[in-house]
Chemist: 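Quick one: the structure is below, questions incoming.
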Amino acid sequence: MQIFHTVADLSQYLDSMRATHHIAFVPTMGALHDGHLELVRIAHQQNASKPVLVVCSIFVNPTQFGDPKDLEKYPRTLDSDCAQLRTVGCDAVFAPSVQEVYPADWQTPKFDFGHLVKSMEGASRPGHFAGVGQVVHRLLCIVAPDFLLLGQKDFQQVAVIKHMVYTLLGWKKPKIVVAPIVREPDGLAMSSRNVRLSPTGRAAAAGISQTLFQAQKLAETAETLAEVGEFVRQNYDKLNFDVDYVEVIDRDSLQPAAEWADAPSGAAICVVVRIDGVRLLDNVLLE
Ligand code: AMP
């Protein structure tokens, strides 16, 4: 596995491989866990006419953090990240400095994500998606991949990036592949932030997904989506959770959905619960 720190070195390497390989790209902020490694595994499984070369970026993007303390506290573990990536056959790691990603002469287009960023993470973290759009656009320009691997864990992020790539930029490539959420044995969605939970908080956090799985069951017979949302809110109340939001939405438009008819592209429920001051995201699809 090769490790690159500069755009020039990575570009030279990728350009020498493009004729013989398809390039799959896994953007991350590091502090890797099995959820990230699954993206690399899925990248390798893409059906392509040439062998797939997987590039993983590790870059803690300052422009998507509203809170400087959160940015500062974000774990940085490059050596162990690289060791983990080797175990799943990652071909190249791109770990650039902030100056490499944002040189003085680089101009990010202004993206208007419209209603997609008015709710959930967009509402709770002003400016977050402007930063996500900025870094993903820049990284896509550098890597120019055929496949882009994203996790369903960040549900709204997937919708925003698809909109940016296919609608706002009008690109035909990369193909965006969405990987299911990888969970701990008790159901908690894996996250780099889970290490910040106290033992009690960690035990309580299992209630986030367990409630969502019950909601999925309830949805199979529920008359309305509103009652599924209400079930989750009430359960979180009983668990004394500090709830940031519980939103039942249409999967593509992200618009709130109270009736099944409000979710023509299928329904999902997205939640954020704060435990020990850590924001924990989760979501499930409702059928
Ligand atoms: P991060 O570095 O944590 O911001 O995430 C990098 C990528 O990994 C994003 O596309 C995330 O959605 C994805 N990801 C993070 N956690 C998980 C998980 N538990 N399961 C699947 N994908 C994940």
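Atoms within each ligand, like the ligands themselves, are counted from 1 in listed order. Model, not experiment: these values are computed from the prediction.
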Chemist: What's the shortest distance from atom 10 (O) of ligand 1 to any protein heavy atom, and which residue and atom give it?
Modeler: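 I find the closest protein heavy atom is Gly151 N, 2.9 Å.
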Chemist: For residues Arg76 and Leu71, report the shortest heavy-atom separation together with the two atoms involved.
Modeler: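 Where Arg76 meets Leu71 most closely, the heavy atoms are NH1-O, 3.1 Å.
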Chemist: Let me see the working for Lys175 and Asp146 under salt bridge (charged side-chain N to carboxylate O under 4.0 Å, His left out), right down to the final yes or no.
Modeler: CA-CA 6 Å; Lys175 178 177 180 200; Asp146 301 286; over 6 Å; no
Chemist: Parallel, tilted or perpendicular: which fits the ring planes of His22 and Phe147, with parallel below 30° and perpendicular above 60°?
Modeler: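 Aromatic pair His22/Phe147 classed perpendicular.
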Chemist: I'd like to check which ligand 1 atoms, numbered from 1 as shown, lie under 4.0 Å from a non-hydrogen atom of Leu39.
Modeler: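 So the answer, numbered in order with elements, is 7 (C), 8 (O), 13 (C).
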Chemist: If hydrogens are left out, which of Met190, His36, Arg193 has an atom nearest to atom 19 (N) of ligand 1, that is, the closest non-hydrogen atom?
Modeler: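 Checking each option, the heavy atom nearest atom 19 (N) of ligand 1 is found in Met190.
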Chemist: Is it true that Asp9 and Gln12 share a donor-acceptor pair across their side chains at a distance under 3.5 Å?
Modeler: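 No - no donor-acceptor pair under 3.5 Å links their side chains.
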Chemist: Aromatic ring centroids of Tyr13 and Phe4 under 6.0 Å?
Modeler: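 Yes, ring centres under 6.0 Å apart.
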Chemist: Which residue owns the protein heavy atom closest to atom 11 (C) of ligand 1, what's the atom, and how far is it?
Modeler: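 Going atom by atom, the protein heavy atom closest to atom 11 (C) of ligand 1 ends up being Asp154 OD2, 3.1 Å.
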Chemist: I need the contact type for Asp34 against ligand 1. Using non-hydrogen atoms and a strict under-4.0 Å cut-off, is it side chain, backbone, both or neither?
Modeler: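 Neither part.
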Chemist: Considering only non-hydrogen protein atoms, determine which one is nearest to atom 2 (O) of ligand 1 and report residue, atom name and distance to 0.1 Å.
Modeler: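 Sorting protein heavy atoms by distance from atom 2 (O) of ligand 1 puts Met29 N, 2.8 Å first.
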Chemist: Can you say whether the rings of His137 and Trp106 are parallel (under 30°), tilted (30 to 60°) or perpendicular (over 60°)?
Modeler: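 Plane angle between 30° and 60°, so tilted.
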Chemist: Among all protein heavy atoms, pick out the one at the shortest distance from atom 20 (N) of ligand 1; state its residue, atom name and that distance to 0.1 Å.
Modeler: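 The closest one turns out to be Val182 N, 2.9 Å.
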Chemist: Could you find the nearest protein heavy atom to atom 6 (C) of ligand 1 and give me its residue, atom name and distance?
Modeler: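 Sorting protein heavy atoms by distance from atom 6 (C) of ligand 1 puts Pro27 O, 3.3 Å first.
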Chemist: Do Phe129 and Phe111 have their ring centres less than 6.0 Å from each other?
Modeler: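 For Phe129 and Phe111, the ring centres are not under 6.0 Å apart.
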Chemist: Using a 4.0 Å cut-off to any heavy atom of Leu150, which atoms of ligand 1 qualify?
Modeler: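 Close to Leu150: 10 (O).
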Chemist: Does His33 come within less than 4.0 Å of ligand 1, judged by its heavy atoms?
Modeler: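 Right, His33 reaches ligand 1.
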Chemist: Tell me the closest heavy-atom pair linking Lys153 and Leu281, and the distance in Å.
Modeler: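 Looking at all heavy atoms of both residues, the closest pair is CE-O, 3.5 Å.
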Chemist: Is the closest heavy-atom distance from Glu38 to ligand 1 below 4.0 Å?
Modeler: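 The answer is no, since Glu38 has no heavy atom less than 4.0 Å from ligand 1.
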Chemist: So do the side chains of Phe25 and Val54 get within less than 4.5 Å of each other, counting heavy atoms only?
Modeler: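 They are not in side-chain contact.
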Chemist: Taking a cutoff of less than 4.0 Å between a non-hydrogen atom of the residue and any ligand atom, is Ala31 in contact with ligand 1?
Modeler: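 False for this residue.
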Chemist: Just to confirm my output: which protein heavy-atom neighbour is closest to atom 21 (C) of ligand 1, and how far is it?
Modeler: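 Result: Pro180 O, 3.5 Å.
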